[in-house]
Amino acid sequence: MMTLALTSKTHPYKAGFAPFPSEVYRVPFAYCYRCSYSKKYPSCDLYCARHLEDTFKRVVANEEVAAVIAEPVLGEGGFIAPPPDYFEVLVELCHKHGILFIADEVQSGFGRTGALFASQRYGIEPDILVTAKSLGGGLPLAGVTGRAEIMDAPGVGGLGGTFAGNPLSCAAALAVLDLFEREDFLSRADELGDQFQRRSREWQCRWPIIGDVRGLGGMQAIELVQSQDTKVPATEETKKITQYCYEHGLITITAGTYSNVIRVLVPLVITKEQTDEALDVLESGIAEICGKKGAVAQLV
Ligand SMILES: Cc1ncc(COP(=O)(O)O)c(C=O)c1O
């Protein structure tokens, strides 16, 4: 219930499971494309991060807060990568008030953003780092890593579970780490990101449905909207495009509050040719749903 209380995505995760523990508070993220405060970066001076001080006055007292938890790049939330200086401000505020900063890198971890952890790209050192997914290279494994004084606090045997330290999963994770030492996956993530950005920026000029192109390293996404001015989410069209992709051999997964974001988080062993092939299918899907003619007219 505590972890379920943490997610901000109501459907399909939380709806119908209430009541939740009440002492979980949520503050708006640095979602610059749809800023909760109608501001623009960088003139906003990271208002959303600094607004935490206000939250401590109006919502919950700072001394009542044990930890601030954030994904350095939102996963389910729509692949939102905050401005480069956002986390520096946030973490500084946490430490000023003696609050731990926990980075959930379950999606953004293990090279996906061009650094082993996205936190590194933001120049921050979380007090606790949560990892899973790519950590085990496909085998079930999750990790909670933190400074000894934090991790040892529960006492010997205080943290455990049936599958903790599962030997097979741990062997897979060690193999993952070996591969990171042998191969330059971090550069591959950046190359993948560039490849995606080049193609999707072209699409953005051709089809007004592509509202935003964003990401960090190989963690990339497009946000689909009815119009680039109104930014009304194009949820139905997104569903149709993903269905088209599925029927043409490409499995995609949506994200975002309005399920209007198509995300790309492919294994880093993918080749350039395979990526192009996948992007070709996605492009045909957009053309099929949004019309090829309009695209040509827009280009001219
Ligand atoms: C950011 C993030 N954190 C945590 C989780 C949950 O991780 P686990 O399935 O290991 O409990 C997920 C998705 O599964 C996720 O995307």
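Atoms within a ligand are numbered from 1 in the order they appear, just like the ligands themselves. The chain is numbered in sequence order, starting from 1.
If you check the side chains of D54 and Y47, you find no donor sitting under 3.5 Å from an acceptor.
Of the residues listed (V213, L282, I209), the one engaging W203 in a side chain to side chain contact (heavy atoms under 4.5 Å, CB included) is L282, and it is the only one.
Given atom 5 (C) of ligand 1, the protein heavy atom at minimum distance is V106 CG1, 3.8 Å. The shortest contact between atom 3 (N) of ligand 1 and any protein heavy atom is with D104 OD2, 2.6 Å. Nearest protein heavy-atom contact of atom 13 (C) of ligand 1 is K133 NZ, 3.1 Å. Among all protein heavy atoms, the one lying closest to atom 8 (P) of ligand 1 is A132 CB, 4.9 Å. For atom 1 (C) of ligand 1, the closest non-hydrogen atom of the protein is E71 OE1, 3.0 Å. In this structure, atom 16 (O) of ligand 1 lies nearest to the protein heavy atom Q107 NE2, 2.8 Å.
Hydrophobic cluster of M151: the remaining members, joined at side-chain heavy-atom separations below 4.5 Å, are M2, L6, V24, I69, L100, I102, V106, I128, V130, V144, I150, L159, listed by chain and number.
Salt bridge status for K96 with E53: present, with a side-chain N to carboxylate O gap under 4.0 Å. Under a 4.0 Å N-O distance rule, the pair K239/E236 qualifies as a salt bridge.
Aromatic ring centres of F56 and H97 lie closer together than 6.0 Å.
Protein non-hydrogen atoms do not reach within 4.0 Å of atom 11 (O) of ligand 1.
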